[in-house]
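A, B, ... follow the sequence lines: proteins, then strands. Residue 1 opens every chain.
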Protein chains: 2
Amino acid sequence: MEQAQALAALGALAQETRLQLYRLLVTVGPDGLSAGNIAERLGVIPSSLSFHLTNLVHAGLITQRRVGRLMVYAAEYGTMNALLAYLTENCCGQGVSCTQVFNSAAAGSSAAKTTAA
Amino acid sequence: MEQAQALAALGALAQETRLQLYRLLVTVGPDGLSAGNIAERLGVIPSSLSFHLTNLVHAGLITQRRVGRLMVYAAEYGTMNALLAYLTENCCGQGVSCTQVFNSAAAGSSAAKTTAA
DNA sequence: TCGATAATTCTATAAATATAGAAATATCGA
DNA sequence: TCGATATTTCTATATTTATAGAATTATCGA
């Protein structure tokens, strides 16, 4: 991931409505939710929701697809993976004691970054 | 981690100077760097750097300590861990196939190219 | 085709955030 | 104590971002 993409993703998530929205879609999974459904759950007015959805789509954090007259949004996990990697890259000058520092953060499991000493 | 803390951390990282600054400190490790050293490396004027350092400290992403007349800043890994966990929580309605989706992102392995369907 | 539903785009205003120069504070060494 | 160094705080301005109402676009079903 490049800096510009990371900034876009972080900027997208750094706003209350969008953070709630993203986390909602992460919980829901690949099926996603329609804009109307999201608006109802979060209590956001349509034009405002659309503004935030567009922001998240541009940042690559969610995807958009049309289903009839519904627009359905779903979390794009790959982008978050890349962002997490970017934020924790080269911890402590690579491969010292920090190999474990940023592990087990994601889904409760530990990812190994070989090279210990 | 609570929403307010997550928003503070994300907002802190969603700015070019601060993102570069944070990543620099992550690479350097626990010893940290002085404000002057950081200013020189990033090419930021003192008052502006101070503004951004304060923001990162308030977000809990870096720590501050005085060493003589230097102010030394270092990455606070625990906060990033908590943030990563918050962002990937309850993926796909807990415990389905998505338990692995957000793994191996942290330590920077290029092996994970997760494309969620 | 028409009316209804779903959602977006447009526009103006409001609010939050960043920038940089000048002044202030803290520490050091002579 | 004094001058120099390191850094922060203050202040005003510039920039970016968010809000919400009104108008527009797209799809569906009769």
Check your understanding: Once you round it to whole Å, what is the distance between C1' of dT7(D) and NE2 of His52(B)?
Key -> 15 Å

**Study point:** Pairing residues for Ser50(B) by the side-chain contact (heavy atoms from CB on, under 4.5 Å) criterion, not counting sequence neighbours
**Key:** none

Study note, to complete from the structure: In short, salt bridge (Lys or Arg N to Asp or Glu O under 4.0 Å) pairs touching residues 49-71 of chain B with sequence neighbours left out are none

Check your understanding: Would Leu24(B) end up clustered with Val26(B) when hydrophobic side chains under 4.5 Å apart are linked, directly or stepwise?
Key -> yes

Point to revise | Where Leu61(B) and Tyr22(B) come nearest, the two heavy atoms and their spacing | key: O-CE1, 3.5 Å

Quick one: which protein N/O atoms are closer than 3.5 Å to N/O atoms of nucleotides 8-10 of chain D? Pair and distance per line, please.
from	atom 1	to	atom 2	distance (Å)
dT8(D)	OP1	Tyr73(B)	OH	2.1
dT8(D)	OP2	Ser50(B)	OG	3.0
dT8(D)	O5'	Ser50(B)	OG	2.9

**Study point:** From Thr54(B) atom OG1 to Ile62(B) atom CD1, the distance as rounded to the nearest 0.5 Å
**Key:** 8.5 Å

Check your understanding: Shared ILVMFWY cluster between Met80(B) and Val57(B), side chains joined below 4.5 angstrom?
Key -> yes

Review point. Between which nucleotides of DNA chain C, read 5' to 3', does contact with chain A run, using atoms under 4.0 Å from its heavy atoms?
Key: dA4(C) to dT9(C)

Review point. Using the C1' atoms of five pairs at each end, what's the angle between the two axes of the helix from dT1(C)-dA30(D) to dA30(C)-dT1(D), to 10 degrees?
Key: 30°

**Study point:** Minimum heavy-atom distance Met1(B)-Ala82(B), with the two atoms named
**Key:** CE-CB, 3.8 Å

Got a list of side-chain donor-acceptor pairs under 3.5 Å for residues 29-48 of chain B, not counting sequence neighbours?
from	atom 1	to	atom 2	distance (Å)
Ser34(B)	OG	Asn37(B)	N	3.1
Asn37(B)	OD1	Arg41(B)	NE	3.0

Review point. Starting at CG of Leu56(A) and ending at C1' of dT17(D), how long is that distance when rounded to a whole Å?
Key: 14 Å

Would you mind writing out the side-chain donor-acceptor pairs for residues 7-18 of chain A within the sub-3.5 Å range, not counting sequence neighbours?
from	atom 1	to	atom 2	distance (Å)
Gln15(A)	OE1	Thr17(A)	N	3.0
Gln15(A)	OE1	Arg18(A)	N	3.1
Glu16(A)	OE2	Gln3(B)	NE2	2.9
Arg18(A)	NE	Ala12(A)	O	2.7
Arg18(A)	NH1	His52(A)	ND1	3.0
Arg18(A)	NH2	Gly11(A)	O	3.2

Exercise for review: Determine whether Leu84(B) and Thr88(A) make a side-chain contact, defined as any pair of heavy atoms from C-beta on separated by less than 4.5 Å.
Suggested key: yes

Check your understanding: Do you know the tightest heavy-atom contact between Leu19(B) and Tyr86(A)?
Key -> CD2-CE2, 3.9 Å

Point to revise | Residue whose nearest DNA chain C nucleotide is more 5′ - Ser34(A) or Arg69(B) | key: Ser34(A)

Point to revise | Contacts of type side chain to side chain donor-acceptor pair (under 3.5 Å), residue Tyr73(B), not counting sequence neighbours | key: Gln64(B)

Practice item. Answer yes or no: is there a side-chain heavy-atom contact under 4.5 Å between Thr79(A) and Leu83(A)? Key: no

Check your understanding: What residues in residues 15-24 of chain B put a non-hydrogen atom under 4.0 Å from any atom of DNA chain C?
Key -> Gln15(B), Arg18(B)

